[in-house]
Participant: 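Before I ask anything, let me first share the structure, which is written out below as structure tokens.
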Amino acid sequence: MTGDTVLEVRGAVKSYGFVTALGGVDLTLKRGEILALLGDNGAGKTSLVRAISGIMKLDEGDILLDGQRLALGSAGDARRAGIETVFQNLAVLDNLDVASNFYIGRENTWPRWLGPLGFLNAAREASGWTAQAGSLGIKALDPRQEIGLMSGGQRQAVAVARAVAFASKVVILDEPTAALGVRESAQVLGLIKTLPQRGVSVILISHNMEHVVQVADRAVVLRQGRVAGSLVPRRDSVPDLIAMIMGAAPSTSS
Amino acid sequence: MSAVPVSPPEKTSGVMAKIIGVPSAGPLLVLLAFGLIFAITNPRFLATHNLSIILQQTVIIGTLAIGQTLVILTAGIDLAVGAICVLGTIIAGKLVTSGYDPALSMAFSVLVCTAAGFAAGGLISGLRLPPFIVTLGILGILTAALRLISAGGAFPVRDEFLGWTGNTLRLGGFIVTYGVLLMFVLYALVWYLLNETKWGRHVYAIGNSPEAARLVGIPVRRHLLSVYLLAGFIYGIGAWLALGRIPNADPNALQTANLDSITAVVIGGTSLFGGRGGLIGTLIGALIVGVLRNGLTLAGIDPLWQDLVTGILVIVAVALDQLSRRKG
């Protein structure tokens, strides 16, 4: 299922004043791999994810995609490189409708030479969303409904669908099931599992060990801005994972 | 895989919903109500020449309010609207009275207004200063600069080209100025930009949440800059319209334009918190103010009451916006 390395982080360092968020983190992600990124609050998971998503610059260290060093100046750069992120606070625009949120930042306009001032084909976006959502199993969301009027689960569905539909290499999900009920969580996990078949890799941040065991091929544990160790959730026990997160057990590597 | 349960989808036809749109329905009713009252109480109100006067009286604030709408949609506010517009009239007037080509002078003055918008946008997006403070500062600087440039006083600007926007033409039985037509062209153009383009969608996105906009890869700073740049350009066109209305370059003119343009935007239903509202509301808002002033004047009522009624409308509009937010 997993192959060559798609994403590599080398010596990632980031500090905020006296607080070290990342103290030299190395991470590799294989093609088609589902990697769980675990750790207590403040362990550095979100900082690492923000760096890979292009919304935060590292003080030191490199991010390589397919062996090429990435220069990420914005979230747009990461998206164009094939990395999609579902942020914990969702990054949906409440005042826009479903289809607009789905295509935000990658709108097709006509004629091309007018660039962002060109005509936006809302009807085509609506049917595009319906088709894409249908193939992902999120059928009944009206493309013209304003997303601010929708439930947390529906908003999450749009955010996850956007990442899954457009990522060509890596999807990062930061607590994608935190706000969801059992059924909706199952749906998101189901979506995540389909990504490796398309050769897309996943980085999953979750506090829900049950979900991690269900979908992750491998788990990397961060503690105080460093890699504390790595485990195979399906093979190793949940107590082992938790012990590593808490720093109670000696680091093992697999 | 089961589908996420949702409420039944509501069908609205896209373009018509946007034009009639729920947000502009309230202001439209207010406009029609005032129109009805004035029409009943005074038969002269609906006379075509009176309606055409209302449009001419609305043209400057109506145009400046387009730029103000763009800025307010990004959750900003522009207090330099009037000053930038007056700057345009003074520069064009000075150049023409010094013997420069009128068209080039006007073009140059629009360019300067655009640059003023660019400067405001640069400070707001580059240094992340609050729009209120930046535009207040620019207002102060320009107020002083205008007095210096014009040596304190107003001066007449008699020129065929600069006054062209005040020329009239007949449309059926209706007499309109080229300036009024130009205003409607600007409304149509910016309406298109806001509602039918990627640029416009990103204006709304940034107005809703600059942070979320950044997370989805929108270049927020560059986009804000383009908004203030376009607003400055519109104020420059406003200067041309002002010269067509009154052939006079007066550093003390348009003192109330800031608040009047904000009034039009707010009465038109655009939220001061950004991200909600639109241009059709602003046009209606500007017309409400114009109709109110005209109707009350026709009725021979003390102008003080015009300000009072306008003030009440502003408070009602903002209160409605707040209430709808609390519900949502």
Participant: For A/Leu117 and B/Trp199, work out which heavy atoms get closest and say how close.
Facilitator: CD2-CB, 3.7 Å
Participant: Does A/Arg124 have more than 12 heavy atoms from other residues, nucleotides or ligands lying within 6.0 Å of its CZ?
Facilitator: no
Participant: Taking the side chain as every heavy atom from C-beta outward, state whether A/Ser100 and B/Arg201 have any atom pair closer than 4.5 Å.
Facilitator: yes
Participant: Has the side chain of A/Asn95 got a donor or acceptor atom that lies under 3.5 Å from a matching backbone atom of B/Tyr204?
Facilitator: yes
Participant: What pair of heavy atoms forms the shortest contact from B/Arg276 to A/Asp94, and how long is it?
Facilitator: NH2-O, 3.9 Å
Participant: Out of A/Ala126, A/Gly115, A/Gly105, return the one with the most heavy atom pairs under 4.5 angstrom to chain B.
Facilitator: A/Gly105
Participant: Considering only heavy atoms, which portion of A/Leu96 lies under 4.5 Å from any heavy atom of chain B: side chain, backbone, both, or neither?
Facilitator: side chain
Participant: By a 4.5 Å heavy-atom criterion (distance strictly below it), what part of A/Phe87 contacts chain B: side chain, backbone, both, or neither?
Facilitator: side chain
Participant: Can you establish whether the number of heavy atoms outside A/Arg198 located under 6.0 Å from its atom CZ is more than 12?
Facilitator: yes
Participant: What parts of residues 209-216 of chain B touch chain A if we use heavy atoms and a cut-off under 4.5 Å?
Facilitator: B/Ser209, B/Glu211, B/Ala212, B/Ala213, B/Arg214, B/Leu215, B/Val216
Participant: Find the one option among A/Ala78, A/Gly54, A/Ser53, A/Gly118 whose heavy-atom pairs under 4.5 Å with chain B are most numerous.
Facilitator: A/Gly118
Participant: State, to 0.1 Å, how close B/Tyr192 and A/Phe119 come at their nearest heavy-atom pair, and which atoms those are.
Facilitator: OH-N, 3.2 Å
Participant: Might you confirm whether atom OH of B/Tyr187 has over 12 heavy atoms from other residues, nucleotides or ligands at distances under 6.0 Å?
Facilitator: yes
Participant: Between atom CG of B/Leu193 and atom CG of A/Leu120, what is the distance when rounded to the nearest 0.5 Å?
Facilitator: 12.0 Å
Participant: Between A/Gln156 and chain B, which part of the residue has a heavy atom less than 4.5 Å away: side chain, backbone, both or neither?
Facilitator: neither
Participant: Please determine whether the number of non-hydrogen atoms from other residues, nucleotides or ligands lying under 6.0 Å from atom CZ of B/Phe108 exceeds 12.
Facilitator: no
Participant: By a 4.5 Å heavy-atom criterion (distance strictly below it), what part of A/Arg162 contacts chain B: side chain, backbone, both, or neither?
Facilitator: side chain
Participant: Sort out for me which of A/Asp77, A/Ile104, A/Thr109 touches chain B most, counting heavy-atom pairs under 4.5 Å.
Facilitator: A/Ile104
